[in-house]
Amino acid sequence: MKSKEFACIATIVLLAAATARADDYRTYSNDRFGATADVPASWQADPPPENGDGLRFRSPDGKASIIVSGILNVDDDLEEALTGEEQPSEGDTVTYRHRSGKTVTISGMHGDLIYYRKSTLVCGDQIWNSVYLEYPAAEKSKYSDLVARVARSLHFSGSSGQVPDCH
């Protein structure tokens with residue numbers, strides 16, 4: 001096989017793989033709070049909670065999960081809201097914390113799991129939209145691209161059933 005033919009075939013294979021990766025995700029959008037993010041197409045959704053605040057998706061092997069959700073911001077002060085969102089849950093150890101504008105990202109360990117949470121204030125600072133991922137620390141390299149994709153995709157859909165007059 002000539003090198004030009006090999007290069008052409010290799011390019012086609014790489015393009016097909018890239019297309020397949022893009023198709024391996026679907027977009028979930030929460031009607032109540034407008035939290036929207038990409039999740040792997042092969043991950044199964046849990047039954048929706050009665051309050052409609054979001055949805056948990058589980059990996060096919062059951063070892064990892066993604067939650068896309070929203071909640072009302074109950075703090076009157078922006079700094080207080082951002083500082084509060086930076087706090088870990090009970091039992092969590094923070095290894096990474098970043099704030100940019102009205103977005104807070106924290107990551108760390110919860111037992112033998114890595115967690116990653118990205119939250120953004122939207123709708124005139126009335127709503128927190130978030131993605132929360134958990135996965136085995138022993139499989140960190142397996143999930144790094146997925147975490148980046150899901151985090152990058154988080155956005156506000158532009159409407160909220162909870163706060164009809166978002167601005």
Side-chain angles (χ1 to χ4, degrees), residues 11-74 81-82 84-86 88-89 92 96-108 110 113-137 139-167:
T11 301
I12 291 169
V13 168
L14 287 173
L15 287 173
T19 302
R21 282 191 297 270
D23 292 341
D24 289 343
Y25 285 82
R26 66 182 186 268
T27 301
Y28 165 74
S29 187
N30 172 265
D31 293 336
R32 182 174 179 199
F33 292 107
T36 303
D38 294 343
V39 295
S42 62
W43 290 36
Q44 294 298 310
D46 282 358
E50 287 185 29
N51 65 7
D53 63 355
L55 202 53
R56 176 189 305 262
F57 298 85
R58 296 187 190 270
S59 62
D61 64 8
K63 294 180 181 179
S65 66
I66 299 169
I67 299 172
V68 182
S69 64
I71 60 171
L72 289 173
N73 175 26
V74 296
L82 293 167
E85 194 63 19
E86 286 180 322
S89 298
D92 291 350
Y96 175 80
R97 181 179 282 129
H98 179 74
R99 186 191 299 184
S100 177
K102 295 181 182 182
T103 298
V104 172
T105 304
I106 66 169
S107 183
H110 184 85
L113 297 175
I114 293 175
Y115 72 88
Y116 176 95
R117 183 179 75 217
K118 178 180 179 182
S119 304
T120 302
L121 267 175
V122 299
C123 191
D125 301 341
Q126 297 178 82
I127 294 174
W128 280 108
N129 278 177
S130 300
V131 292
Y132 180 87
L133 298 93
E134 277 189 344
Y135 53 94
E139 299 179 31
K140 181 179 179 178
S141 62
K142 174 181 173 182
Y143 288 99
S144 61
D145 289 344
L146 182 147
V147 171
R149 166 76 183 258
V150 172
R152 194 174 46 249
S153 73
L154 176 66
H155 66 280
F156 178 58
S157 68
S159 67
S160 164
Q162 183 70 36
V163 183
D165 296 325
C166 281
H167 53 279

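Predicted model only: the values in this text are computed from it and were never measured.
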Q: Of the non-hydrogen atoms in Ser160 and Ile127, which two are nearest, and what is the gap between them?
A: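 Nearest heavy atoms, Ser160 then Ile127: OG-CD1, 3.4 Å.
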Q: Could you go through the side chain to side chain contact (heavy atoms under 4.5 Å, CB included) check for Val147 and Tyr135 one step at a time?
A: CA-CA 10 Å; Val147 171; Tyr135 53 94; 3.5 Å; yes
Q: Rounded to the nearest 0.5 Å, what's the gap from CD1 on Ile106 to OH on Tyr116? Could you check?
A: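 Spacing of CD1 (Ile106) from OH (Tyr116) equals 10.5 Å.
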Q: Could you check Asp46, Val39, Val150, Ile67 and say which one makes a side chain to side chain contact (heavy atoms under 4.5 Å, CB included) with Phe57?
A: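 Single pass found, and it is Val39.
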Q: Could you tell me whether Lys142 and Asp61 make a salt bridge, using a distance below 4.0 angstrom between a side-chain N and a carboxylate O?
A: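 Answer for the salt bridge query: yes.
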Q: Might you point out which heavy atoms bring Arg56 and Ser65 nearest each other, and give the distance in Å?
A: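 Result for this residue pair: NH1-OG, 3.4 Å.
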Q: Taking all heavy atoms of Pro40 and all of Tyr25, pick out the closest pair and write down the distance.
A: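 That closest heavy-atom pairing would be N-CD2, 3.6 Å.
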Q: Between Ile66 and Leu133, is the side chain to side chain contact (heavy atoms under 4.5 Å, CB included) condition met? List the steps.
A: CA-CA 4 Å; Ile66 299 169; Leu133 298 93; 3.7 Å; yes
Q: Measuring from atom OG of Ser159 to atom CZ of Phe33, what distance do you get when rounded to the nearest 0.5 angstrom?
A: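 Interatomic distance, Ser159 OG to Phe33 CZ, rounded to 0.5 Å: 12.5 Å.
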Q: Please report the shortest heavy-atom distance between His98 and Ser100, naming the atom on each side.
A: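 Distance-wise, the nearest heavy atoms are NE2-CB, 3.6 Å.
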Q: Once rounded to the nearest 0.5 Å, what's the spacing between atom CG of Asn73 and atom CG of Asn129?
A: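 It comes to 11.5 Å.
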Q: Minimum heavy-atom separation for Pro48 to Leu55, with atom names?
A: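 What the structure gives for the nearest pair is CA-CD1, 3.6 Å.
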Q: Assess whether side chain to side chain contact (heavy atoms under 4.5 Å, CB included) is satisfied between Ser59 and Tyr143, documenting all intermediate values.
A: CA-CA 11 Å; Ser59 62; Tyr143 288 99; 4.3 Å; yes
Q: Say you draw a straight line from CG of Leu82 to CZ of Arg99; how long is it, rounded to the nearest 0.5 Å?
A: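 Answer rounded to 0.5 Å: 4.5 Å.
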Q: Hey, is CD on Glu139 packed in by over 12 heavy atoms from elsewhere, all under 6.0 Å?
A: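 Counting other residues, nucleotides and ligands, CD of Glu139 exceeds 12 neighbours.
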Q: State whether a side-chain donor-acceptor pair under 3.5 Å links Ser130 with Ser69.
A: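 The answer is no; no qualifying pair exists.
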Q: With a 4.0 Å cut-off on N to O distance, would you call Arg117 and Glu85 a salt bridge?
A: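 Yes, charged N to carboxylate O under 4.0 Å.
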Q: Measure the OH-OG1 distance between Tyr28 and Thr36 for me, rounded to the nearest 0.5 Å.
A: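 Rounded to the nearest 0.5 Å, the OH-OG1 separation comes to 8.5 Å.
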Q: Do Ser153 and Val131 have side-chain heavy atoms sitting under 4.5 Å apart?
A: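 The answer is no, as the side chains (C-beta and beyond) never meet within the 4.5 Å cut-off.
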Q: For the backbone of Ala41 and the side chain of Asp24, can you confirm whether one donor and one acceptor N or O come within less than 3.5 Å of each other?
A: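 Flag not set: sc Asp24 to bb Ala41 has no pair under 3.5 Å.
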Q: Does Arg97 reach the side chain of Pro88, with side-chain heavy atoms less than 4.5 Å apart?
A: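 When only atoms from C-beta onward are counted, Pro88 and Arg97 do touch, with a gap below 4.5 Å.
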Q: When you measure from the side chain of Ser107 to the backbone N and O of Tyr115, does any donor-acceptor pair fall under 3.5 Å?
A: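 Present.
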Q: Could you tell me the separation between the CG atom of Leu154 and the CZ atom of Arg149, rounded to the nearest 0.5 Å?
A: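 Interatomic distance, Leu154 CG to Arg149 CZ, rounded to 0.5 Å: 13.5 Å.
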Q: Which pair of non-hydrogen atoms, one from Asp53 and one from Arg32, has the smallest distance, and what is that distance?
A: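 Heavy atoms of Asp53 and Arg32 come nearest at CB-NH1, 4.1 Å.
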